[in-house]
Every structure is written in structure tokens, then in C-alpha cells.
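The structure appears below as C-alpha cells.
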Amino acid sequence: MNEIQVSGHPVAVALQGEAAAPPLLLIHGAGHDHGVWDALLPALAQAGHRVIAPDLPAHGASCGPPLAEIDAMADWVLALADALGVDSFRLAGHSMGSLIALAVAARAPARVRTLYLLGSLAPMPVAPFVLDAARDDPPAAWALINKFSFAPAEVLGEARRRELEAANLARMQRQGAAVLATDLLACDRWRDGLQAAARVRCPVLMISGDRDRMTPADAALPLRDAFTGCEARLLVLPGLGHALMQEAPQPVVDAMLARP
């Protein structure tokens, strides 16, 4: 991990690849950190990218308060790029991170060369009982998120699903309950996604799992169709749930590398 200063706070960033290679920023989702991308970093770097995976403020090893709005997180990502001396870049986001990435591409269309949205839809409402649990009963919230994050055991296998759930629980516990509650509320409140999509000017690849119960592929179609100023494609990967990068990293890498 590397540490840089963004907006006056230390930020932890995982970097892989040659410094002169085209940069690819990876933005994690709610209650997570850069570790959700770990299985993808080496292959993306070996394919010729300078891969940059930060921990958002108050997540992972990054300091500062959690940001309460998607737009504020998008401004932070642009400040991070400035701090790294990165003018134009490819940008990927998962779940909440996909909303952040979408907002960045709408704010700074000339800077984003390709946009990858994983496990995405817009708007991205969060069920009230999940918001209540995140605020009042964090263990219940973590259990709910684990329940809906992965493809069923009959697809993944019982042992693999237990392994994924244990790793995801540990990651959410490291961030703390207040961070998850703030993140989920930010997702629920951001209603500008379809309007933002119309301002994007780079190629867009949306990647969904056909077993995703959080952001189902069918529900992502309005977002795909809202990219009226650029080419956008929705790829549905079989047998995968919402946490597709952990479930099957290689198909995700292959899909991203096919959209340079």
C-alpha cells in the first residue's frame, strides 16, 4: 500500500503496474475497501494498466470522515486523480463505487476514457429494513448483505460460499458500522444517475451477474439505455451474484480487457 494526501487527509492506495502505463482507477463499494479488487490487480497490471485502487475516506487504511453523498465522493475521486498527477484515466466502480464512477464520468467527461460499471443500476435504492439495520443493528445488516451478495450455494458450492461470506464479513467489520450506514444512505439518496449517464462521453461497459439479487441485470437496463451520448453495453456473466469480482475474478478481468 502507498499513502498520499487528499483533501488534507492520508489516503491508502494500492498501486500495480508501470508508472507510465495508462491509469485505471478502481472504486470499491459500500462498507468495503480496496481489497475487493485484489484478485484483479495483477492481471490488469500485466495487461498494461497502471492500476490504482484507493480506500475511500474512513474505509480501509484511509483517514478522514466518511463522505455522506455520492457527489462528494465523486469530487474526492477527482481530487485523488489530481494528487496522483493523473489527467485522463479509465475508471471502474462496483456497486456504490459504480455510482461514484458514473458521477465522476458525468462531471469530467473529458478525463474518463472508458467507464466500467460492475453490479450497477441507477437509481440504487436500499430497502428501508437494510438501512434501519445498518443504523441500529450492524450484525443484522452484515448478515443481510452477506445473504444477498453472492450466488446461491448450489451454484458456488457450500464451502466456497462460506469462505466468501467470512471474508466479506471481516471486511465489513473492519470498516465499522457507521461507515456502512453512511454509504448505504448515500446510495439510496442519489437520484441523478440517469441524468448523469446522459452526460458521459466515453465507452461504457456494464457487467452484471445473472444471479445478482442486489442489482439485477434486468433492472440495470434503464441505466444502460440512458447513455445517449456514447456507446454502452451490458454484459451479463452466468452463475455470478453481486460480488462478482470475488466469486469469479477471471471472467471480470476478461470482460474489462475486451473493452480497452
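Atoms considered below: every heavy atom in the structure, side chains included; atoms not considered: hydrogens, waters and symmetry mates.
Going from atom CG of L180 over to atom CG of L185 covers 11.0 Å, rounded to the nearest 0.5 Å. Note that CZ of F89 and CG of L80 are 8.5 Å apart. Values are rounded to the nearest 0.5 Å.
D71 is linked by a salt bridge (charged side-chain N to carboxylate O under 4.0 Å, His left out) to R107, counting only residues two or more places apart in sequence or in another chain. Every residue meeting the side chain to side chain contact (heavy atoms under 4.5 Å, CB included) condition with A127, not counting sequence neighbours, appears here in chain and number order: F129, V130. Looking at residues two or more places apart in sequence or on another chain, you find a salt bridge (charged side-chain N to carboxylate O under 4.0 Å, His left out) between R160 and E163. Shown here are the salt bridge (charged side-chain N to carboxylate O under 4.0 Å, His left out) partners of D82, two or more places apart in sequence or in another chain: R111. Listed by chain and residue number, I4, V6 satisfy the side chain to side chain contact (heavy atoms under 4.5 Å, CB included) test with A83 (two or more places apart in sequence, or in another chain).
The salt bridge (charged side-chain N to carboxylate O under 4.0 Å, His left out) contacts involving residues 15-27 comprise nothing, where partners must be two or more places apart or lie in separate chains. Residues in residues 237-255 take part in these side-chain hydrogen bond (donor to acceptor under 3.5 Å, both in side chains) pairs, two or more places apart or across chains: S95-H242, D212-H242, T215-H242, Q250-D254. Counting only residues at least two apart or on different chains, the side-chain hydrogen bond (donor to acceptor under 3.5 Å, both in side chains) pairs with a member in residues 138-151 are N146-N168. Sequence neighbours left out, the pairs with a member in residues 119-129 that pass side-chain hydrogen bond (donor to acceptor under 3.5 Å, both in side chains) are S98-S120. Within the structure, salt bridge (charged side-chain N to carboxylate O under 4.0 Å, His left out) pairs that include any residue of residues 190-204 comprise D188-R191 (at least two apart or interchain). For residues 218-233, the salt bridge (charged side-chain N to carboxylate O under 4.0 Å, His left out) pairs, not counting sequence neighbours, are E231-R259. Screening residues 121-132 for side-chain hydrogen bond (donor to acceptor under 3.5 Å, both in side chains) gives D132-R135 as the qualifying pairs, with residues at least two apart or on separate chains.
The 12-atom threshold is exceeded at CZ of R174, counting heavy atoms of other residues, nucleotides or ligands nearer than 6.0 Å.
In this structure, S208 contributes its side chain and V236 its backbone to no donor-acceptor pair below 3.5 Å. H34 contributes no side-chain N or O that, together with a main-chain N or O of V13, makes up a donor-acceptor pair within less than 3.5 Å.
Linking Ile, Leu, Val, Met, Phe, Trp and Tyr whenever their side-chain heavy atoms come within less than 4.5 Å puts Y116 and L26 in one cluster. Each of I145 and L121 belongs to its own hydrophobic cluster when Ile, Leu, Val, Met, Phe, Trp and Tyr are linked at side-chain heavy-atom distances under 4.5 angstrom. Note on M172 and M96: separate hydrophobic clusters, where clusters join Ile, Leu, Val, Met, Phe, Trp and Tyr whose side-chain heavy atoms are under 4.5 Å apart, directly or indirectly.
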